[in-house]
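Comments concern the structure below.
Just so we're on the same page: letters track the sequence lines, and every chain starts at 1.
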Amino acid sequence: MSIARILEIAFRTGRVTRKYPHEPPLLTPEFRGAVRVDPSKCWGCGACVKICPPNALSLRSDSGREVVLEYFVGRCIFCGMCAEVCPARAIEVTKEFELSSTSLESLKYGVAHRLVRCSSCGSLVWTEAELRAVIRSSPVAEEYVVLCPRCRKTRFARAASIRVGAGSE
Amino acid sequence: MLHSLAVAAIQLVLAPVYDGLERKVRAAIHTRIGPPVLQTWYDIVKLFSKEVVVPVGGSWYALVAVLEMLTLVTASVLLVHVSSAGLNRAALFEASVFIVLTGIATTLAVVRAVSQSNVFSVLGGFREFSLMISAEPFLATSLLLLISGAEAPASKAIAALVLVIAAYVISGRVPYDIAEAEPELASGVNIELAGPLLGVATLSVVLKKFISATLTALALTSWSSLVGIASLAAAALLTPIIWIAHTVVGTLLGRSRVDLAVRFLYTTLFILSSMLLVSYGLGV
Amino acid sequence: MSKGVEALVEMVGKLGGAVEDVRKSEIYIRVPREAVRAVAKLLYDSGAYLKTCAGVDERGTSGFYSIYYIFGLDSHGVDAVLKVLVPEHDPLIPSILPEVPAADWCELEIRDLLGIELSGRLTKRLVLPEDWPDGVYPLRKEFRYDEKPPRVVREELPEEVGIPVGPYHPALHEPEYFELYVEGEKVVDVVYRGFHVHRGIEKLAESPRFTYKQIPFLAERICGICGFVHSTCYVMAVEKAAGIGVPERAEFIRSIVLEVERLHSHLLWLGVAAHLLGYDAGFMHTWRIRERVMVLAEYLTGSRKTYGINVVGGVRKDLNVDKIDKTMKTVAQVREEFKKLADAALSVPQIKARAVGTGVLTKSEARALSVVGPVARASGLYRDIRKDYPYLAYRKVSFRVPLYTEGDNLARLLVRVEEVFESIEIIKQLIDMLPGGGIVSEEYEIPPGRRAVAAVEAPRGEDVHFVITGLGRPYRWRVRAPTYQNIPALRAMLRGTSLADAPLTIASIDPCFSCTDRVLVVDVRSSRRSFIKLVRGG
Ligand code: SF4
Ligand code: SF4
């Protein structure tokens with residue numbers, strides 16, 4: 001009676017289902033869940049937004065004075081690419097997966113960043129945090145950092161030409 | 001009669017619990033936790049608390065479903081009474097009525113299913129009918145033979161065997177759950193039922209399992225000389241055990257196909273019945 | 001090029017074909033429009049099978065629409081890719097259907113999506129929904145990927161008769177529709193209506209919304225079961241087109257994960273088959289064993305499904321000692337447990353009784369329809385991409401390809417049972433030979449205008465991706481999932497079987513409908529019709 005062998009298999013195996021959620025879920029150490037953006041580390045540079053395949057991350061600028069990095073868990077596919085590309089290591093891949101909610105808003109997280117004006121032309125270019133990070137990481141003279149790239153280029157060209165000597169053009 | 005009525009009442013309340021036990025045992029063989037033992041009762045109570053949805057076929061259709069269930073209840077009570085007589089000639093009348101009632105119940109189920117415009121229901125009905133004609137005649141013959149005194153051991157043994165097989169078929173378990181076959185017919189005969197009516201149908205299913213287990217108990221106790229309360233108690237104790245045995249058999253097998261099932265049953269039961277007639281005639 | 005291929009190419013040349021490009025496993029041949037049917041016949045008669053055909057809007061570069069026909073010369077390990085130019089003012093091609101029955105769907109798809117008419121065959125709408133306006137062709141470049149053309153209300157709805165299986169049915173786990181015409185319980189004809197769940201990913205991938213780097217994640221979502229196959233096939237096609245070298249270790253890891261995926265997929269299918277046959281104990285136990293594979297997959301990749309480790313140039317997750325150890329332990333356990341279970345399950349009388357001789361697909365039907373995977377192997381066709389076009393690390397391992405000639409449900413079931421054991425052996429060999437080194441090459445460039453065909457043996461059969469590179473993203477990405485190739489065979493398989501065996505027979509090709517329906521943006525809600533309305537069958 002080989003059909004009865006299933007009884008033996010069942011007896012040896014015992015019970016495998018669990019009373020989830022009353023018992024802890026079975027996660028391996030490699031499991032990728034939702035991500036968390038550390039507001040104190042994020043620069044608002046947007047690298048994560050660019051790589052995110054399903055547009056779960058976005059940069060919004062409502063007021064013009066601020067940009068908001070928004071993370072919408074509902075779209076996230078838990079790939080962790082954002083954490084891989086973040087230059088500030090501000091993104092952590094957590095093990096969280098019990099994310100259901102009755103309100104859409106509770107699935108959105110935002111990190112707001114104030115924007116800094118270019119000290120020369122006045123256009124909004126950097127976030128404050130990004131600025132700080134750049135100053136911290138490279139010894140650029142502060143007068144350059146607060147400029148937008150275009151003004152910086154012109155100022156640098158001018159400075160260089162002064163140093164080299166105006167006649168060489 | 002009063003005794004049997006009381007015992008029948010208790011048994012009928014317990015039947016859904018046996019069914020819950022069945023689900024537990026099946027779950028254990030599947031290495032699952034499974035639902036609580038009272039789950040079948042919970043299901044029935046819940047279904048009865050829902051609003052009544054009258055199927056497309058009209059309200060007479062609902063009536064048929066209820067009638068079918070009541071017929072099965074009556075049949076069950078009669079069967080308990082037959083067992084109190086200890087398979088005695090005295091219960092021949094009740095046994096005959098029981099047989100007629102089960103036949104009526106199945107006919108009602110077939111009529112109910114076939115009269116629907118839903119193709120799945122119709123096919124389920126035809127399947128039910130095929131099973132009915134391949135099992136119930138043998139069930140009737142073997143039961144009546146046992147009662148009317150097939151004394152010779154060979155005849156008795158064969159009759160009991162036929163009864164055990166036919167009883168298993170009417171329990172509607174795998175491999176003979178073809179009238180409802182979920183993956184093929186999406187509940188077949190019961191596809192158009194919902195709410196309290198589905199509750200009624202659920203009760204009918206449980207009752208058929210109960211009748212099946214009790215019949216098997218009768219076949220097995222046909223050697224004993226117990227009568228009255230003792231015989232009732234024996235049957236009552238055996239019922240859940242047989243119920244579980246049926247469960248295990250059903251869990252180990254797969255679903256048959258209607259042509260295969262009918263062919264298998266007809267050949268097996270026909271050969272056995274022919275042997276039975278010969279041995280009965282010879283008096284062995 | 002081997003002798004046989006050379007001779008064939010020469011004959012194609014006589015018919016007017018001109019070789020454009022010869023690669024290691026592809027030969028691109030330009031064929032004049034008038035000659036395509038003759039060339040197709042020549043190739044098909046010589047034993048080739050049609051992998052797929054694809055229409056491309058190349059008006060922006062060459063000034064023409066191009067139709068590509070990919071023929072697999074699997075005995076030589078080479079694909080012959082025919083390219084036919086179709087002028088914009090005369091969008092018409094002769095159908096190759098009379099010579100190549102397998103061309104049915106892909107031709108209609110070209111007609112639907114690119115607006116190229118077919119001569120010499122009956123045509124009907126296949127992919128686009130009823131309410132899509134006429135004359136709007138979504139794969140033309142001027143059609144924006146997020147455009148929503150107005151709905152058209154059409155008068156006549158198709159008449160419903162027969163036994164409906166779907167769009168929602170317990171035996172199908174995806175919205176799909178089979179209409180079975182029965183006499184009593186015998187199926188006499190079948191009508192299939194699919195493409196209810198299009199998501200338009202081919203169009204999406206060529207839109208500015210996506211980049212080469214992001215598409216693997218999109219590709220992985222083509223299929224809910226064997227998604228890794230698609231992301232692998234996509235990255236392989238891009239790597240092949242751009243000539244990107246992939247570290248050997250990455251190739252091994254991809255192969256290991258592909259086999260892990262096959263294990264879980266086959267175990268899933270075998271469980272479903274047991275359930276369809278009413279043997280729920282077999283179902284539960286198969287899935288219990290499968291759970292070990294799921295946990296292993298999560299440990300190796302970070303996710304139970306949609307592993308997300310493929311990137312162009314390699315993989316994102318490396319193996320370490322612990323992972324190797326866990327892999328070896330898991331496959332050993334699965335092997336032992338599955339062996340016992342398979343013995344018990346195959347001895348259940350109803351399983352044999354209902355799988356033997358039902359849903360038969362003969363070898364000649366299988367060949368004519370170019371079926372792939374276990375369906376082909378159960379009908380006596382020796383066709384396995386891992387052997388025919390060895391890719392990744394498969395050339396380094398030895399394994400057996402199970403072959404049956406009966407072509408029935410049992411044969412397809414047994415092919416999968418045996419493949420479970422073969423996959424386990426492959427995983428063990430790969431782990432034993434795992435080379436060291438890096439797992440991804442970051443330095444690469446993807447020049448536009450390159451082409452490549454990549455194929456991967458998915459659990460359900462051959463998956464084909466055809467890529468033409470563009471700027472920052474593919475110019476065209478054509479996906480042909482295995483089920484696309486196998487569904488048309490269902491008609492042959494279902495005719496004459498009993499209704500009770502229809503669910504098992506449909507399931508026996510291990511269909512994956514979302515894979516098949518990947519082509520176009522369709523609003524499922526508005527294109528839904530009431531299929532539930534019934535008329536008595538037979
Ligand atoms: S710093 Fe990191 S988290 Fe913040 S925007 Fe840039 S990539 Fe995203
Ligand atoms: S984990 Fe992936 S999907 Fe989620 S936010 Fe990061 S990049 Fe986007």
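Between C/Glu298 and A/Phe31, the shortest heavy-atom distance links the atoms OE2-CB, 3.3 Å.
Between chain C and the residues A/Leu26, A/Thr17, A/Asn55, the largest count of heavy-atom pairs under 4.5 Å involves A/Asn55. Of the listed residues (A/Cys52, A/Gly80, A/Pro53), the greatest number of heavy-atom pairs within a distance under 4.5 Å of chain C belongs to A/Pro53.
Heavy atoms closer than 4.5 Å to chain A are found in the side chain of C/Phe210, but not in its backbone. Contact annotation for C/Lys326: neither backbone nor side-chain heavy atoms come within less than 4.5 Å of a heavy atom of chain A. Neither the backbone nor the side chain of C/Thr211 comes within less than 4.5 Å of any heavy atom in chain A. A/Glu84 touches chain C through its side chain: at least one heavy atom from C-beta onward sits under 4.5 Å away, while N, CA, C and O do not.
Counting only heavy atoms from C-beta outward, the side chains of A/Ile77 and C/Glu220 never approach each other to under 4.5 Å.
Atom NZ of C/Lys339 has 12 or fewer neighbouring heavy atoms from other residues, nucleotides or ligands inside a 6.0 Å radius. For A/Glu23, the CD atom counts as densely surrounded, since its 6.0 Å shell holds more than 12 non-hydrogen atoms of other residues, nucleotides or ligands. Other residues, nucleotides and ligands contribute at most 12 non-hydrogen atoms within 6.0 Å of the CZ atom of A/Arg18. Residue A/Glu98 qualifies as enclosed at atom CD: its count of foreign heavy atoms under 6.0 Å is above 12. Atom CD of C/Gln333 is surrounded by more than 12 heavy atoms from other residues, nucleotides or ligands within 6.0 Å. The local environment of CZ in A/Phe11 is sparse, with at most 12 non-hydrogen atoms from other residues, nucleotides or ligands closer than 6.0 Å. Sparse packing is recorded around CZ of A/Arg36, with 12 or fewer heavy atoms of other residues, nucleotides or ligands lying under 6.0 Å away. By the 6.0 Å contact criterion, NZ on A/Lys108 is enclosed, its count of non-hydrogen atoms from other residues, nucleotides or ligands being greater than 12.
Rounding to the nearest 0.5 angstrom, the gap separating the CZ atom in C/Arg316 from the CE atom in A/Met81 is 5.0 Å. In this structure, C/Leu341 CG and A/Thr13 OG1 are separated by 9.5 Å, a value rounded to the nearest 0.5 Å. Note: A/Arg12 CZ to C/Glu337 CD = 11.5 Å, rounded to the nearest 0.5 Å. Here C/Met294 contributes atom CE and A/Thr28 contributes atom OG1; the two are 12.0 Å apart, rounded to the nearest 0.5 Å. Atom CG of residue A/Leu27 and atom CZ of residue C/Arg304 lie 9.5 Å apart, to the nearest 0.5 angstrom. Between the CD atom in A/Glu30 and the NZ atom in C/Lys317 there is a gap of 3.5 Å [rounded to 0.5 Å].
Not a single donor-acceptor pair under 3.5 Å links the side chain of A/Arg5 to the backbone N or O of C/Ala345.
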side-chain contact (heavy atoms from CB on, under 4.5 Å) for A/Val16 and C/Glu291? Distances and angles first, verdict last.
CA-CA 10 Å; A/Val16 297; C/Glu291 185 57 24; over 6 Å; no

